[in-house]
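Bear in mind the structure is a predicted one, so any value in this text is a computation, not a measurement.
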Amino acid sequence: LLASSEAVSAILTQFLAKDKINTATAKIYRQQIEIDDLSYKIHRTRLRPKLSLVAGLTQDEISYTANIAQKYALQSQYVGVSVSWSIFDGFATRGAISSALARKRLSEQNYRDYSSKLSQDAQKAAKSVDLAQRQLAISERLLNNAGNGLAYTNENFKRGQSSEAEVNAAQANFNGLENAANGSRRDYLLRVSEFMSLIGEDTVAVR
């Protein structure tokens, strides 16, 4: 368990050093930024000239004599360029550009705010893991001492140096500390799981 606590500290250091957060929420924020950036770029080109390349092939049948059964095929090929240019649209494009840029800036700020809060939350969660590990170490030590005390009392009882009441008291003390240690183990594992889920990592990484 101590090794796992140290692993959490190492994972936190690696997480804080990353340039790009890989949680599912962070990926959604980045995708939204990409969408807003593309929308902004599209609106910026609305009033620019549009060039289109046109190519085609046509074929007709033509008769040059009175005999309509005698026809000739006429094939035409053409290639051209068309240009369209909206000079003015009543400032609609300017408004669309401003709105798209505002959405892009808001998405970027939301991502920065999320990243900053996640870093703070991750440090708090790692601290909770450390505190839970310390509490578990204390619980394990107390349980070990209680186990030794119970064994000693049982030996004394066999030699007639301890009463049954003393054995029962030692057993009750051991049982209580065993329940407390189990609770500490659950709490520790829960804190580790919460930390790893928060930063989007697999709990196998701390084993």
Side-chain angles (χ1 to χ4, degrees), residues 1-41 100-156 166-207:
L1 291 174
L2 182 57
S4 295
S5 181
E6 293 172 347
V8 166
S9 179
I11 291 173
L12 175 64
T13 300
Q14 295 174 1
F15 172 76
L16 296 177
K18 287 182 178 179
D19 294 329
K20 182 182 293 186
I21 298 173
N22 291 323
T23 64
T25 302
K27 292 177 181 178
I28 292 174
Y29 275 119
R30 287 198 295 270
Q31 290 174 353
Q32 186 60 51
I33 292 174
E34 292 176 0
I35 292 172
D36 292 339
D37 183 58
L38 179 60
S39 177
Y40 171 66
K41 291 178 179 178
L101 180 60
R103 288 195 299 270
K104 176 185 175 183
R105 294 287 181 261
L106 178 60
S107 295
E108 292 171 342
Q109 184 60 49
N110 288 339
Y111 178 67
R112 286 193 294 269
D113 291 343
Y114 168 77
S115 299
S116 177
K117 185 176 185 303
L118 182 61
S119 296
Q120 296 175 8
D121 290 344
Q123 293 179 68
K124 293 178 181 178
K127 183 65 175 178
S128 295
V129 171
D130 181 62
L131 293 176
Q133 189 277 326
R134 295 184 184 183
Q135 179 59 51
L136 176 57
I138 294 173
S139 297
E140 294 282 5
R141 187 162 57 249
L142 291 175
L143 178 62
N144 183 66
N145 292 339
N148 292 335
L150 176 60
Y152 178 76
T153 303
N154 279 326
E155 289 297 325
N156 282 343
E166 291 175 320
V167 172
N168 291 337
Q171 183 67 58
N173 181 56
F174 176 83
N175 293 341
L177 290 175
E178 185 176 37
N179 289 333
N182 289 334
S184 295
R185 293 189 190 102
R186 288 192 298 269
D187 182 63
Y188 174 76
L189 294 175
L190 176 63
R191 299 300 179 185
V192 171
S193 178
E194 289 176 346
F195 169 75
M196 301 302 288
S197 297
L198 182 66
I199 63 175
E201 296 288 349
D202 193 337
T203 52
V204 174
V206 300
R207 295 179 181 176

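Between Asn110 atom CG and Arg103 atom CZ the span is 13.5 Å, to the nearest 0.5 Å. The CZ atom of Arg30 sits 10.5 Å away from the OG1 atom of Thr25 when rounded to the nearest 0.5 Å. If you take OH on Tyr188 and CG on Leu131, they are separated by 12.0 Å, rounding to the nearest 0.5 Å. Note that CD of Gln109 and CD1 of Ile33 are 10.0 Å apart. Values are rounded to the nearest 0.5 Å. Atom CG of residue Leu118 and atom CG of residue Leu198 lie 5.0 Å apart, to the nearest 0.5 angstrom. Taking CD from Glu140 and CD from Gln135, the interatomic distance works out to 11.0 Å, rounded to the nearest 0.5 Å.
In this model, a donor atom of one side chain and an acceptor atom of the other lie less than 3.5 Å apart for Arg185 and Asn182.
Between Val8 and Val129, the shortest heavy-atom contact is CG2-CG1, 4.0 Å. Smallest separation of non-hydrogen atoms from Ala181 and Leu136: O-CD1, 3.9 Å.
Residues Leu190 and Glu194 have side chains in contact (heavy-atom distance under 4.5 Å, counting atoms from C-beta outward). Contact of the Ile11 side chain with the Met196 side chain is registered, since non-hydrogen atoms from C-beta on lie closer than 4.5 Å.
Applying the salt bridge (charged side-chain N to carboxylate O under 4.0 Å, His left out) test to Lys41 and every residue at least two apart in sequence or in another chain returns Asp37. Take Leu12 and apply the side-chain contact (heavy atoms from CB on, under 4.5 Å) test, not counting sequence neighbours, and it matches Leu16, Ala122, Gln123, Ala126, Phe195. Scored by the side chain to side chain donor-acceptor pair (under 3.5 Å) test, Lys124 finds no partners at all (sequence neighbours excluded). Remark: Tyr114 engages Tyr29 in a ring pair (Phe, Tyr, Trp, His ring centres under 6.0 Å) (not counting sequence neighbours). Not counting sequence neighbours, Asn154 has no partner by the side chain to side chain donor-acceptor pair (under 3.5 Å) test.
More than 12 heavy atoms of other shown residues, nucleotides or ligands fall within 6.0 angstrom of atom CZ in Arg112.
At distances below 3.5 Å, at least one donor-acceptor pair connects side-chain atoms of Ser115 with backbone N or O atoms of Tyr111. With Ser193 contributing its side chain and Leu189 its backbone, the two residues share no donor-acceptor pair below 3.5 Å. When atom types are taken as modelled, the side chain of Ser39 and the backbone of Ile35 share no donor-acceptor pair closer than 3.5 angstrom.
Screening residues 13-25 for salt bridge (charged side-chain N to carboxylate O under 4.0 Å, His left out) gives Lys18-Glu201 as the qualifying pairs, with residues at least two apart or on separate chains.
Between Gln171 and the choices Asn168, Asn175, Asn173, the side chain to side chain donor-acceptor pair (under 3.5 Å) rule is met once, by Asn175.
Ionic pairing of Lys117 and Asp113 is not present here: no N-O contact between side-chain nitrogen and carboxylate oxygen is shorter than 4.0 angstrom.
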